[in-house]
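First comes the structure, then the notes that go with it.
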Amino acid sequence: MAHPLQAISTADADPRSTAGPPRFTPETHARALYLHLPFCFHKCHYCDFYSVVERGDTDRQDAFTDALIAELTDWSRRITLRPTTVFAGGGTPTYLRPELWDRLLTALHGLNLLDHAAEFTVEANPETVTPALMKQLADGGVNRVSIGAQSFQRESLKALERWHDPDNVGRAVDACRAAGLHNLSLDLIFAVPGQTLAMLEDDLARLAELRPTHLSTYGLTYEPNTALSARLRLGQVTPLDEDTQRAMYQCVLDRLQAHGFEHYEISNWARQPPPGPTRTASDPADLPRPHAAPPLPADLRCRHNLAYWRNQNWLGVGPAAASHLGGHRWRNAPNLNTYLKTSPTPTAEDYEHLPPDQRVGEQLMLGLRLAEGVALDWLRRHLPADDRRHDAIDEMIDLNLLERTPARLRLTRAGLFVADSVIAKLL
């Protein structure tokens with residue numbers, strides 16, 4: 001998984017130009033920092049995030065690292081960049097060569113970008129996790145790893161064009177913990193063509209056995225312009241029917257709650273309280289002696305993603321990375337060559353500055369994704385008495401899709417299954 005808000009509607013301005021958008025000043029604060037590292041060993045057929053598969057003599061990792069550091073340095077001079085969360089996504093961040101990780105981590109420390117970071121997450125694929133790299137990341141300030149397990153079924157991995165051995169997920173978890181990285185998130189994809197409910201139940205049981213602190217569970221979507229969607233159009237893939245997909249989401253809700261996870265966002269789960277003894281390494285001789293486990297945070301929800309869902313300020317650097325500062329949004333052009341040529345101020349696109357009414361709708365969209373929902377006092381301040389959305393809210397409460405508590409408006413369990421439709425009525 002990369003940036004959850006990476007898709008932005010197309011508009012016509014560049015936030016670094018003089019044509020309308022502001023030139024940000026040191027009074028602009030960014031509390032979350034996203035680093036997009038686009039390199040991958042292989043492009044998975046369902047993935048619609050910008051990534052680059054280097055082949056032959058083409059190797060732009062070195063030049064990319066220099067450009068990423070240059071962009072970070074440029075922004076550090078322009079705004080107040082004191083992130084409390086840092087998230088390296090991609091692509092496959094752990095596919096970046098170790099010596100380049102050294103260069104990047106040194107730069108982050110040199111720019112004081114980790115001084116206030118309570119959470120520094122790096123995404124990883126199981127086959128790219130090694131004990132040496134995990135120790136290097138931990139020593140450099142990383143304290144959370146998100147591993148793309150996706151499935152433990154060879155048939156499902158093949159359907160997704162994932163190339164790791166299912167057993168490598170456990171080995172990756174062991175390598176992280178041996179390096180002192182105990183705050184671990186695992187990703188799972190369900191509703192994969194050919195998947196059965198029994199296969200999903202096995203996946204959930206194996207995830208729980210590894211005792212991660214966090215889980216992200218996604219129903220497979222057929223995104224435009226992906227190889228999977230092309231295969232669907234050609235009749236080479238048969239998606240699961242809606243009843244089966246609904247039964248699978250129901251299974252996820254029931255099983256993960258039974259395993260002690262808190263469902264805090266439509267697709268995300270956090271273990272509360274922190275887990276006890278962790279799984280032992282399958283072959284301890286292959287791993288360094290485990291570091292003492294640092295205390296885990298009391299709240300194991302992903303702080304970085306909460307910044308997105310709460311519509312706070314974040315800065316994204318790297319090709320295709322999205323940003324949101326002071327109500328202005330854009331993304332860097334999704335092209336590595338363009339990114340390298342325009343360093344340190346990459347070409348931006350998809351600029352938008354929402355008018356107040358649309359900002360309210362967007363906040364409702366993001367807030368209702370969270371189990372906590374939206375505060376009623378916020379609604380009273382931002383929804384005029386004659387706003388059409390009051391009637392839509394009342395209608396969905398009558399349908400048992402939304403509920404009002406004394407302080408919040410939130411989705412019901414029934415509403416979770418049709419969340420997109422519910423939220424669309426409030427935009």
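Computation of the quantities below employed the complete heavy-atom set of this structure, encompassing side-chain atoms and omitting hydrogens, waters and symmetry-equivalent molecules.
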Side chain proximity check, Phe417 to Thr412, heavy atoms < 4.5 angstrom: no

Heavy-atom donor-acceptor pair, Thr80 side chain to Glu27 backbone, under 3.5 Å: no

Donor + acceptor pair across side chains of Arg359, His353 (<3.5 Å): yes

Residue pair Tyr218 / Asn268, side-chain heavy-atom distance below 4.5 Å: yes

Donor + acceptor pair across side chains of Asn311, Glu362 (<3.5 Å): yes

Spacing of CD1 belonging to Ile423 relative to CD1 belonging to Ile266, to within rounding of 0.5 Å: 4.5 Å

side-chain contact (heavy atoms from CB on, under 4.5 Å) between Asp377 and Arg380, intermediate numbers included: CA-CA 5 Å; Asp377 60 353; Arg380 284 190 285 269; 3.8 Å; yes

List, one per line, each side-chain donor-acceptor pair under 3.5 Å for residues 104-113, sequence neighbours excluded.
from	atom 1	to	atom 2	distance (Å)
Thr106	OG1	Asp102	O	2.8
His109	NE2	Gly140	O	2.7

Exercise: identify the closest heavy-atom pair between Tyr50 and Leu336: OH-N, 2.7 Å

Parallel, tilted or perpendicular: rings of Phe24 and Trp330 (30°, 60°): parallel

Under 3.5 Å donor-acceptor, His382 side chain and Gln363 backbone: no

Under 3.5 Å: donor-acceptor pair, side chain of Arg162, backbone of Gly148: yes

Near-ring test His214/Tyr264, centroid separation under 6.0 angstrom: yes

CA sep, side-chain torsions, deciding dist, call: Asp387, Arg381, salt bridge (Lys or Arg N to Asp or Glu O under 4.0 Å): CA-CA 12 Å; Asp387 193 294; Arg381 291 196 309 272; over 6 Å; no

Nearest non-hydrogen partners of Tyr222 and Leu232, listed with the distance: CD2-CD2, 3.8 Å

Candidates Leu81, Asp74, Leu72 - the one meeting side-chain contact (heavy atoms from CB on, under 4.5 Å) with Val317: Leu72

Any His263 side-chain heavy atom under 4.5 Å of Gln257 side chain: no

Close side-chain approach of Ser185 and Ser216, heavy atoms under 4.5 Å: yes

Inter-residue atom distance Thr85.OG1 - Arg144.CZ, 0.5 Å rounding: 10.0 Å

Pairwise distance CG(Leu383) to CZ(Arg388) - rounded to 0.5 angstrom: 9.5 Å

Asn332 side chain vs Gly318 backbone, donor-acceptor pair below 3.5 Å: yes

Separation of Ile393 CD1 from Asp398 CG (nearest 0.5 Å): 12.0 Å

For Asp394, the option from Arg389, Arg404, Lys425 that meets salt bridge (charged side-chain N to carboxylate O under 4.0 Å, His left out): Arg404

Ring centres under 6.0 angstrom apart (Trp314, Tyr308): yes

Donor-acceptor under 3.5 Å (Asn143 side chain, Phe120 main chain): yes

Main-chain N/O of Arg211 paired with His259 side-chain donor or acceptor, under 3.5 Å: no

Test side-chain contact (heavy atoms from CB on, under 4.5 Å) applied to Arg303 and Thr84, step by step: CA-CA 9 Å; Arg303 298 188 190 191; Thr84 58; over 6 Å; no

Donor-acceptor under 3.5 Å (Gln245 side chain, Gly219 main chain): no

Exam field: side chain Asp350 to backbone Glu352, donor-acceptor pair closer than 3.5 Å: no

Side-chain donor-acceptor pair present, Glu71, Tyr339, cut-off under 3.5 Å: yes

Neighbour count >12 (heavy atoms, 6.0 Å) for atom CZ, Arg206: yes

Approximate separation, where rounding is to 0.5 Å, of Ser146 OG and Leu215 CG: 10.0 Å

Any Leu379 side-chain heavy atom under 4.5 Å of Leu364 side chain: yes

Minimum side-chain heavy-atom gap Leu37-Val122 below 4.5 Å: no

Audit row: Arg410, Glu372, salt bridge (Lys or Arg N to Asp or Glu O under 4.0 Å) steps and yes/no: CA-CA 6 Å; Arg410 64 191 186 192; Glu372 65 191 31; over 6 Å; no

N/O donor-acceptor pair under 3.5 Å between Asn125 side chain and Glu127 backbone: no

Under 3.5 Å: donor-acceptor pair, side chain of Thr221, backbone of Glu223: no

Between CG on residue Leu220 and CZ on residue Phe190, distance to nearest 0.5 Å: 9.5 Å

Parallel, tilted or perpendicular, as decided by the 30° and 60° cut-offs, for the rings of Phe41 and Tyr95: perpendicular

Ion pair check, Glu349 and Arg331, cut-off under 4.0 Å: yes

Pair Arg103 + Asp66, salt bridge at N-O below 4.0 Å: yes

Minimum side-chain heavy-atom gap Val169-His164 below 4.5 Å: yes

Any side-chain heavy-atom pair of Thr347 and Asn335 under 4.5 Å: no

